[in-house]
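Notes for the one structure printed next.
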Amino acid sequence: MSLDSNDASPAAFLRHFLELAEAQLPGIATDALAHWQATQQRGDVDIGGVLLLWIQEASSFEQPLLLCLDDTHYLQDAWQVLNLIIEQL
């Protein structure tokens with residue numbers, strides 16, 4: 001996952017991460033992405049809820065998901081989200 005300045009916010013990073021995970025393992029982030037979209041349309045992404053849904057979806061997969069990040073210095077506030085992801089893996 002190559003990061004850039006668009007990934008600085010937690011919501012943007014989370015969406016980028018989920019879209020890439022879904023592209024690699026279809027079905028691993030379907031509900032999480034839907035919840036991201038729904039809460040974003042209401043004005044504020046429910047990051048905790050999105051992460052909870054993703055963890056539930058990911059736990060049902062037997063295939064491994066390799067997470068490689070490039071240019072992490074762009075994360076700024078999104079470090080919190082990355083830490084939560086790593087803690088759950």
Side-chain angles (χ1 to χ4, degrees):
M1 180 175 178
S2 185
L3 303 169
D4 60 29
S5 59
N6 293 322
D7 296 306
S9 78
F13 168 72
L14 182 55
R15 181 174 181 158
H16 189 184
F17 171 78
L18 293 173
E19 287 173 341
L20 287 173
E22 184 70 19
Q24 294 301 309
L25 294 171
I28 199 166
T30 305
D31 294 340
L33 281 167
H35 188 63
W36 190 100
Q37 184 73 22
T39 59
Q40 189 271 337
Q41 288 176 348
R42 289 190 294 243
D44 194 22
V45 176
D46 174 18
I47 291 173
V50 171
L51 280 172
L52 181 60
L53 284 169
W54 181 73
I55 291 163
Q56 291 171 347
E57 288 178 292
S59 68
S60 69
F61 273 74
E62 305 254 339
Q63 297 171 304
L65 177 64
L66 178 62
L67 177 61
C68 298
L69 303 173
D70 184 28
D71 295 322
T72 56
H73 62 277
Y74 285 114
L75 287 179
Q76 297 176 14
D77 293 335
W79 276 108
Q80 300 161 347
V81 174
L82 179 58
N83 286 336
L84 290 171
I85 291 169
I86 291 170
E87 287 175 6
Q88 298 303 317
L89 296 177

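A distance of 12.0 Å separates NE2 of His16 from OG of Ser9, quoted to the nearest 0.5 Å. Gln80 contributes atom CD, which lies 12.0 Å from atom CD1 of Ile85 (distance to the nearest 0.5 angstrom).
Within the 4.5 Å cutoff, side-chain heavy atoms of Phe17 are placed close to those of Leu67. For the pair Phe13 and Met1, the minimum side-chain heavy-atom distance is below 4.5 Å. By the 4.5 Å heavy-atom criterion applied to side chains, Asp71 and Asp7 are not counted as neighbours. The shortest side-chain heavy-atom distance between Thr72 and Leu3 falls under the 4.5 Å cut-off.
Taking each heavy atom of Pro10 and Asp77 in turn, the nearest pair found is CG-O, 3.6 Å. Across Pro26 and Ala23, no two heavy atoms sit closer than the pair CD-O, 4.3 Å. Across all non-hydrogen atoms, the minimal contact from Ala11 to Trp36 is O-NE1, 3.1 Å.
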Please list, one pair per line, the donor and acceptor atoms closer than 3.5 Å that link side chains of residues 49-61 to other protein atoms, with sequence neighbours excluded.
residue : atom : partner : partner atom : Å
Glu57   : OE1  : Asp31   : N            : 3.4
Glu57   : OE1  : Ala32   : N            : 3.0
Glu57   : OE2  : Thr30   : N            : 3.0
Glu57   : OE2  : Asp31   : N            : 2.7
Ser59   : OG   : Ile55   : O            : 3.4
Ser59   : OG   : Gln56   : O            : 2.8
Ser60   : OG   : Glu57   : O            : 2.7

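Within 6.0 Å of CD in Gln37 there are more than 12 heavy atoms belonging to other residues, nucleotides or ligands.
Looking at Glu22, its side chain does come within 3.5 Å of a backbone N or O of Ala29 through a donor-acceptor pair.
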